Amino acid sequence: MIYNPKIIEAKWKKKHKKFNFFKINKNSKKKFYILNMFPYPSGYGLHIGHSIGYIFSDIISKYKSGLKFNVLNPIGFDSFGLPAEQYAINTGNPPIKIINKSIKKYKNQLKNLGVFFNWKKIINTCSSKYYKWTQWIFLKLFNYYFDKKTNKAKKIKKLINKLKKKTKWNKLNNKNKEKILNKYRLAYLKKSYINWCPKLNSVLANEEVVNGKSERGGYLVFKKKMVQWHLRITKYINRLLKDYKYLNWPKYIKNIQKKWIGKKKVYFFIIKLRNKKLKIFVKKKFDKIFNIIFNFPSNYIDFLLKRYKNKKKIINFINKKNYSFKTYKILIIFKNSLKQSINIYISNYYKNNYIKNIYVDTNNNKLFNNIKNNFIINLKDKIIYNFLLKNIYIYNLNDLVFSRQRYWGEPIPIYYKNGIPKPIKIKYLPLKLPFIKKNIFLNKKFQLNKLKKWTWDVKTHKITYNKFIKKKKHIYPLDTNTMPSFAASNWYYLRYISPKYDKFLIKKKEYKYWKNVDLYIGGIEHINGHLLYSRFCNKFLKDINIVNNKEPYKQFINQGTILNNTYSIYKYKNRFISYDNINKYNISHLQKFYIDKKYIIKNKKLDINNIKKNNIYNYTFILNNKNEFLCKKKIEKMSKSKFNIITPEEIIKVWGIDCYRLYLIFLGPFNKKKIWTIDKIKGMKRFLYKIWNFILNIKKYKKYNNTYNSIFNNYINKINLNYKKLLIHKNISLFMKLLNILIKKNISSINIKKKFLILLSPYIPYITEELWYKLGQNKSIFYERQPIIKSNKKEYVKYIIMINNRKKDIIFINKKNNNLNYIKLKIKEKKYFFNKKNFFKKYIFIKNKILNILILQKKN
RNA sequence: GUCUAGAUGGUGAAAUAGGUAAACACGCAGGACUUAAAAUCCUGUAAUUCAAUUCAAUGAAUUUUGCGGGUUCGAUUCCCGCUCUAGACACCA
């Protein structure tokens, strides 16, 4: 019988459909909630980089299940967001259609990885059954404020009672009342900047802006102020910082987040400029200032050259980095000329890098020019001495902007009664996102403010037509914004526990069992976004008694990104320039385009004919002097837009699922970045064949012998230790070593074979199931217990003998004689020792490890 | 620019309370089997130098974990300073 992965994998995929891996054993109280960050179902499907995380969590959960834990390993889809909307603009299809199609594709791909997900617990954030509770949380945030004394969220009604006692609350009109409450609400309205493109007449995401111009059309983009919903995360900063002690996260991950929160003690002083007072923040108590700089996007000013203490050094520094000292200037634009606080500052140091962070108020172009001309201060001439410094705490983290001017997101369940925001009553949630017909999207950005039916009837509690507003008094306009993508991911880990429960966002009974996530797996790019926001959300939910745990994710491991080669070409005006000639052109005018690898002939050479044939770019290509056109080759993160994606299917098709799983894990440590290569997969295939042949070729029946047992136990110990440390890639080497030993010693004990298969089963489910079945077993291998060795007594101690720090020998000493004198006796007659009899010796003896003999030549 | 991580043979990598550097694989070279190829199996494989060679068995020294320093009997591991690479940077998810 020859190992044929295609047949075996197809067979067991079918059988596993009926296999309830996640069946809960009520006798066991041990639970293990393992979670992967859920995917965004993009139309392109998942690539290798995603699948490695699912395979990792699958191996861990199969192992934990083998230790008789009840395991929860769910999957869902984070389906609101920009890409679906962009796809809709390109094709004219409504986003929901695309998303459903993509989810289907994803499900198929996920089911083709040998991964056991709890499919009964699937969630989808764009379904109204899910976002009902996202809206519910938003309304709670709206109706709560942060009480400084208790350090907790409390109902806004309590605040009103307090205000009634202290102030003349009742005499205020509703608008003024709301103005005050807005300062306290955890979800509140405030003006902040957005990217505004007048030509497209729409708001753009950062991603849609390239070098200050819109990605589609290349029109100028400006920063414009708009009233937006914000979440008051800053009130929770002290708690977020304090609770790191409960988190079993890698230190550097915590540090990234801590730095992002960026709590700092700073000093500030006030200077006068042309009758305007400016408050300027500095990090340290300096007594001189040479230059002041904004550290974007935070709201304080930093010293650029804090490490240099005198002016000469600054000048040297500037010369070194090719900055001209002449243009060493600051430009200040006022956020609001009445309030006179600084908002913007540009220096030439930032050059092109920071253009995207400069805010320009387009409503006020004249003001902009005025300021530009009048407020350029050359600090070369103005050194400010001796001013008063006061200190305060500032944070890098700002409150979260919660409004998005897009269609494809959760509608914000708020209507405006005479301009005052009012929540829709909870029992009338969800406020459903209206379905939009096909043709409306084509080539247009669609937003809720273009709807004809988007007002709220307070009597019927239903959405109704805008035209009724003037006629009837009980109809009010709804908020036309939607929520950002993090709104859904903030709390999704709770929904998995009871995804079908209608009455509340969690079923308390089930929550009490599963609680928070034991092991969370995801990309490092989410640390400052999702991971921070969902910690904040969890703390709020704890304040309002929905959850009991301080933190949502006990342990976190970040998944290393998979990188692959990218090829790009550069355009200058209407010509493409070969990469080796690029220095001749002004970098800021060059436009970069990624190229598919199939258009690369050799190394970096571009196949221009092929490109022209396929009508990809209709511009002239300027060749180099060898008559070639070279691209830029770089190693970058896998992404569809960079044409460097590898999909699991193309590998599985050739090698099979087991082989693919084994190889991905074997590539290296899970949390380190990896550059993609396929070269080494052959070794995995060989290993699978070896296993197959070892298990099935029952040649001679050797009696099961104790020494093999101890070797085996030793390996089992190591394997379990690696699981504990989450270094599961190392186990594959151990499996290989173990198999090599078993084959060499010609072992054919059925018990050993069985144990070996159980050890392998989390990694390679299909081949082990098949062999398990072939060994005459009826039940699935995943019902078996993973072997654990309780104690492993060793009789001998290994010593490394070194002379002058060089290894000379390895000796084994019985535990009874574990001392220096005995070892000395033992090595006395050895050549390396005997030779140097007459020299002075110094012994460095480390018990159970090493004997280092330093031999020094005697001076006459 | 700010922040974070990383750098070990031809390649992926292994080795952490500081103690055998290169396990396990890939590749390559040589051999076995085969008409041939594939597959499989066996042997060798960090570098340099020296010794030894009829057969057999090899033996010894030095260097080496991106670069330059430091601490230590001993550093891939700890400290300081560089270089390079990748990632994040608030409306991508």
Side-chain angles (χ1 to χ4, degrees), chain A residues 37-42 78-83 86 193-195 203-209 228 250 252-253 255-257 259-260 262 293 295-298 302 304 321 347 349-351 353-354 356-357 396-406 409 484-486 489 523-530 532-533 558 560-561 563 634-637 639 641 663 666-669 671-675 677-684 686-687 689-690 693 727 729-730 732-737 740 798-802 804-810 842-844 846 849-854:
Chain A
M37 286 179 185
F38 59 170
Y40 174 82
S42 95
D78 187 12
S79 44
F80 275 134
L82 192 63
Q86 279 176 330
Y193 287 99
I194 44 103
N195 299 311
V203 177
L204 299 179
N206 281 349
E207 206 193 39
E208 297 170 297
V209 185
Q228 312 233 54
Y252 71 92
I253 300 274
N255 284 340
I256 293 172
Q257 211 174 74
K259 290 239 163 129
W260 185 246
I293 229 167
N295 186 4
F296 271 95
S298 63
D302 196 2
L304 170 68
K321 299 241 166 181
S347 98
Y349 295 100
Y350 286 103
K351 288 197 168 169
N353 293 338
Y354 260 65
K356 67 172 179 182
N357 280 323
N396 184 44
L397 184 71
N398 294 333
D399 282 344
L400 311 174
V401 182
F402 202 69
S403 306
R404 298 288 183 268
Q405 290 69 41
R406 295 189 207 143
S485 55
F486 65 78
S489 60
I524 197 166
E525 66 273 17
H526 296 286
I527 289 171
N528 294 330
H530 160 66
L532 188 58
Y533 305 158
N558 78 289
T561 39
L563 313 171
K634 222 190 151 190
I635 292 167
E636 287 177 281
K637 201 176 157 183
S639 134
S641 61
Y663 180 57
F666 188 73
L667 268 178
N671 58 354
K672 300 250 161 85
K673 65 161 193 231
K674 294 167 199 93
I675 297 167
T677 52
I678 189 78
D679 309 345
K680 280 128 203 125
I681 200 164
K682 231 179 185 180
M684 300 303 117
R686 279 183 196 150
F687 178 54
Y689 272 105
K690 258 189 185 179
N693 292 334
L727 299 169
H729 67 294
K730 287 200 221 165
I732 297 175
S733 302
L734 292 177
F735 295 148
M736 287 172 169
K737 277 189 195 175
N740 287 343
K798 194 166 113 179
Y799 270 95
I800 294 148
I801 310 297
M802 298 171 110
N804 290 345
N805 300 314
R806 273 179 193 286
K807 184 187 99 178
K808 289 292 169 188
D809 203 1
I810 297 169
K842 190 186 171 186
Y843 295 92
I844 291 160
I846 314 289
K849 255 186 193 168
I850 230 163
L851 175 64
N852 190 5
I853 305 161
L854 299 178

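Values in this document were obtained by computation on a predicted structure and should not be read as measured data. Below, read A as the first sequence line, B as the second, and so on, with proteins coming before strands; counting in each chain starts at 1.
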task = Starting from C1' on rC3(B), measure out to CD1 on Ile256(A) and report it in whole angstrom.
result = 8 Å
request  = Identify the heavy atoms of Thr677(A) and Lys680(A) that sit nearest to each other, and give their distance.
outcome  = OG1-NZ, 4.3 Å
request  = Please report, rounded to the nearest Å, how far the P atom of rA25(B) is from the CD1 atom of Ile678(A).
outcome  = 19 Å
Integer angstrom distance from the C1' of rU20(B) to that of rC79(B) = 26 Å
request  = Please tell me if the side chains of Gln405(A) and Gln228(A) come closer than 4.5 Å, counting only heavy atoms from C-beta onward.
outcome  = yes
request  = Using a 4.0 Å heavy-atom cut-off across all strands, classify Leu82(A) as base, sugar-phosphate, or nothing.
outcome  = sugar-phosphate
inquiry  = Base, sugar-phosphate or nothing for Leu667(A)? Non-hydrogen atoms, less than 4.0 Å.
reply    = sugar-phosphate
query = Base, sugar-phosphate, or nothing for Pro669(A), non-hydrogen atoms under 4.0 angstrom?
reply = sugar-phosphate
inquiry  = I'd like to know whether Ile527(A) forms a side-chain contact (heavy atoms from CB on, under 4.5 Å) with Trp260(A), so could you lay out the CA-CA distance, the side-chain angles of the two residues, the decisive distance to 0.1 Å, and finally the verdict.
reply    = CA-CA 9 Å; Ile527(A) 289 171; Trp260(A) 185 246; over 6 Å; no
message = Which is more 5' along RNA chain B, the nucleotide nearest Thr677(A) or the one nearest Met802(A)? Just name the residue.
response = Thr677(A)
message = Please check this pair: side chain of Asp78(A) against backbone of Phe38(A), looking for a donor-acceptor N/O pair closer than 3.5 Å.
response = no
query = For Asn206(A) and rC89(B), what is the distance between atoms CG and P respectively, to the nearest whole Å?
reply = 9 Å
key: Met684(A) CE - rG27(B) P separation (whole Å)   = 11 Å
key: Counterpart base for rU20(B), defined by Watson-Crick or G-U wobble contacts under 3.5 Å   = none
task = Determine the Euclidean distance between corresponding C1' atoms of rU62(B) and rG66(B); express it in Å to zero decimal places.
result = 22 Å
ask   = Under 4.0 Å between a side-chain N/O of Lys259(A) and OP1 or OP2 of rU2(B), yes or no?
value = no
inquiry  = Closer than 3.5 angstrom, by distance alone: can the side chain of Lys674(A) be matched with the main-chain N or O of Pro669(A) as a donor-acceptor pair?
reply    = yes
message = Heavy atoms from C-beta onward define the side chain here; which of rA86(B), rA25(B), rG19(B) lies closest to that of Met736(A)?
response = rA25(B)
ask   = Is there side-chain contact between Arg404(A) and Val203(A), with heavy atoms separated by less than 4.5 Å?
value = no
inquiry  = If you define the side chain from C-beta out and look only at heavy atoms, does anything of Lys808(A) sit under 4.5 Å from Ile853(A)?
reply    = no
note = As its Watson-Crick or G-U partner within any shown strand, both distances under 3.5 Å, rG66(B) has rC82(B)
request  = Between rA86(B) and rC80(B), how far apart are the C1' atoms? Round to whole Å, please.
outcome  = 24 Å
key: Residue met sooner reading RNA chain B from 5', once Ile846(A) and Lys672(A) are mapped to nucleotides   = Lys672(A)
Within the sub-3.5 Å range, which N or O atoms of nucleotides 74-77 of chain B have a protein N or O partner, and how far apart are they?
residue : atom : partner   : partner atom : Å
rG74(B) : O4'  : Asn805(A) : OD1          : 3.2

query = Can you tell me if the side-chain N/O atoms of Lys808(A) get under 4.0 Å from OP1 or OP2 in rA61(B)?
reply = yes
ask   = Between rA93(B), rC91(B), rC24(B), which nucleotide gets closest to the side-chain atoms of Val401(A)?
value = rC91(B)
request  = For rG31(B) and rA17(B), measure between their P atoms and round to the nearest Å.
outcome  = 45 Å
request  = Select base, sugar-phosphate, or nothing to describe what Phe666(A) touches, counting heavy atoms under 4.0 Å on all strands.
outcome  = base
key: Identified pairing partner of rU53(B), criterion: Watson-Crick or G-U wobble below 3.5 Å   = none
inquiry  = Tell me which nucleotide, if any, is Watson-Crick or G-U wobble paired with rA39(B) when both distances must be under 3.5 Å.
reply    = none
remark   = Closest of rA90(B), rU63(B), rA86(B) to the Arg806(A) side chain is rU63(B)
ask   = Expressed in whole Å, how much space separates the P atoms belonging to rA14(B) and rG69(B)?
value = 28 Å
request  = Using the P atom as the reference point in each nucleotide, state the distance between rA7(B) and rU77(B) in Å, no decimals.
outcome  = 11 Å
task = Give one of base, sugar-phosphate or nothing for Gly81(A), where a contact means two heavy atoms less than 4.0 Å apart.
result = sugar-phosphate
request  = May I ask you to evaluate whether Lys637(A) reaches the phosphate of rA88(B), defined as a side-chain N or O under 4.0 Å from OP1 or OP2?
outcome  = yes
ask   = Which nucleotide in the list rC91(B), rA23(B), rG87(B) gets nearest to the side chain of Lys737(A)?
value = rA23(B)
task = Using a heavy-atom cut-off of under 4.0 Å over every strand shown, decide if Ser489(A) touches base, sugar-phosphate, or nothing.
result = nothing
inquiry  = Distance criterion of 3.5 Å, no angle test: do you see the side chain of Gln405(A) paired donor-to-acceptor with the base of rC91(B)?
reply    = yes
task = Check the distance between rA13(B)'s P and Asp679(A)'s CG and give it to me in whole angstrom.
result = 12 Å
query = Can any side-chain N or O of Asn558(A) pair as donor or acceptor with the backbone N or O of Ile524(A) at less than 3.5 Å?
reply = no
task = Between rU85(B), rC92(B), rG87(B), spot the one nearest the side chain of Glu207(A), thanks.
result = rC92(B)
query = Contact class for Ile732(A) (heavy atom, under 4.0 Å): base, sugar-phosphate, or nothing?
reply = nothing
key: Atom-to-atom span, NZ of Lys680(A) to C1' of rG27(B) - whole angstrom   = 8 Å
request  = Please tell me which of the listed nucleotides, rG87(B), rA90(B), rU20(B), lies nearest to the side chain of Trp260(A)?
outcome  = rA90(B)
ask   = Phosphate oxygens OP1/OP2 of rU40(B): is one of them under 4.0 Å from a side-chain N or O of Arg686(A)?
value = yes
ask   = Base of rG9(B) relative to its sugar, syn (within 90° of 0) or anti?
value = syn
ask   = Side-chain contact, heavy-atom cut-off 4.5 Å: Leu854(A) with Ile844(A)?
value = yes
Listed nucleotide nearest any side-chain atom of Lys690(A), set rC91(B), rG19(B), rC41(B) = rC41(B)
key: Distance, rounded to the nearest Å, where Asn255(A) contributes CG and rC89(B) contributes P   = 19 Å
note = pair_partner(rC3(B)), Watson-Crick or wobble, both distances < 3.5 Å, evaluates to rG87(B)
query = Do you see a donor-acceptor pair shorter than 3.5 Å between the side chains of Lys259(A) and Asn528(A)?
reply = no
inquiry  = Does rG27(B) have its OP1 or OP2 closer than 4.0 Å to a side-chain nitrogen or oxygen of Lys682(A)?
reply    = yes
request  = In whole angstrom, give me the gap between the P atoms of rC50(B) and rA37(B).
outcome  = 39 Å
key: Atom pair distance, as rounded to whole Å: CD1 in Ile527(A) and P in rA88(B)   = 11 Å
request  = Write down the distance separating the C1' atoms in rA21(B) and rU8(B), rounded off to the nearest Å.
outcome  = 8 Å
ask   = Would you say a side-chain N or O of His729(A) is under 4.0 Å from OP1 or OP2 of rA14(B)?
value = yes
inquiry  = Classify Gln86(A) by what it touches in the nucleic acid, base, sugar-phosphate, or nothing, heavy-atom distance under 4.0 Å.
reply    = nothing
request  = Flag the pair Tyr533(A) / Leu400(A) as yes when at least one side-chain heavy-atom distance between them is below 4.5 Å, and no otherwise.
outcome  = yes
note = What one should report as the nearest heavy-atom pair of Ile732(A) and Phe666(A) is CG2-CD1, 3.5 Å
request  = Look at the side-chain N and O atoms of Ser485(A) and state whether any lies under 4.0 Å from the OP1 or OP2 oxygen of rA93(B).
outcome  = yes
